[in-house]
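First up is the structure itself, then whatever we jot down about it.
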Amino acid sequence: QKEVEQNSGPLSVPEGAIASLNCTYSDRGSQSFFWYRQYSGKSPELIMFIYSNGDKEDGRFTAQLNKASQYVSLLIRDSQPSDSATYLCAVNRLHQKLVFGQGTRLTINP
Amino acid sequence: GAVVSQHPSWVICKSGTSVKIECRSLDFQATTMFWYRQFPKQSLMLMATSNEGSKATYEQGVEKDKFLINHASLTLSTLTVTSAHPEDSSFYICSAKNTGALAYGYTFGSGTRLTVV
């Protein structure tokens, strides 16, 4: 079992719709959870991090964490073509190395 | 704030030569830096964790004698790929842990595209 699992996609969503990205993790000691966006040929950029159960909203992005189910998700509302990228889920124990999932390739169709 | 500068952004070298990649935290002190490698259409693979003033910790399967890491100051870590071969061609990315941020900040450099010919 991989430490962090994501559906590799591609996930295709029409413009203006909600894109839902999911991630599960195996280490119950994980304390911090991150979503990064990576455009082709570029390095990852942080979109959100979350460390408490529940939802965290930032603009069009909402991260959801359920530690009991070892599940974290990212919702993107009003999806735009510029949101087309690979989304990487990463988890860690406090102050320790990030463990990345394989990433989900998201395509927003105009 | 929290900017990490990585140089060069791309490099082409001949097989058998060595290449040095620099990673600098510009506006914060980074006691810990991470080096990743990413092959096309794959996720980031952690190579090593670099701690200022001490030896790097390498992940299993990463040759420490081939990938030399030096973290001599709180703002600079370097990765040297020694005796490079075509299979070392990849996208190398550094990340610095910003201990001054909300305790959760990991900032990535812009990456270095290495091509060994």
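Proteins come first, then strands; the chains are lettered A, B, ... in the order of their sequence lines, and each starts at number 1.
Within a 6.0 Å sphere centred on NZ of A/K67, heavy atoms belonging to other residues, nucleotides or ligands number more than 12. Other residues, nucleotides and ligands place no more than 12 heavy atoms under 6.0 Å from the CZ atom of A/R105.
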Could you check B/L44 against A/Q38 for side chain to side chain contact (heavy atoms under 4.5 Å, CB included), going step by step and ending with a plain yes or no?
-> CA-CA 11 Å; B/L44 281 72; A/Q38 186 177 27; 4.0 Å; yes
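In this structure, the portion of A/K42 lying under 4.5 Å from any heavy atom of chain B is its backbone and not its side chain. With a 4.5 angstrom heavy-atom cutoff, B/Q38 touches chain A only via side-chain atoms.
One finds the NZ atom of B/K41 at 14.5 Å from the CD atom of A/Q102 (value rounded to the nearest 0.5 Å). Rounding to the nearest 0.5 angstrom, the gap separating the OH atom in B/Y106 from the NZ atom in A/K97 is 11.5 Å.
Hydrophobic clustering of Ile, Leu, Val, Met, Phe, Trp and Tyr side chains at less than 4.5 Å, counting indirect connections, unites A/Y25 with A/M48. Residues B/F91 and B/M45 are members of separate hydrophobic clusters, defined by side-chain heavy-atom contacts under 4.5 angstrom among Ile, Leu, Val, Met, Phe, Trp and Tyr. Both A/F61 and A/V91 belong to a common hydrophobic cluster when Ile, Leu, Val, Met, Phe, Trp and Tyr are linked at side-chain heavy-atom distances under 4.5 angstrom. Under the 4.5 Å side-chain heavy-atom criterion for ILVMFWY residues, a single connected hydrophobic cluster contains both A/L65 and A/I47.
Closest heavy-atom contact between A/S43 and B/F108: OG-CB, 4.3 Å.
Formation of a donor-acceptor pair under 3.5 Å by the B/S43 side chain with backbone atoms of A/G103 is not found in this model.
Considering only heavy-atom pairs separated by less than 4.5 Å from chain B, the leading option among A/L88, A/L98, A/V99 is A/L98.
Ring to ring, A/F100 and B/Y36 are close: their centroids are under 6.0 angstrom apart.
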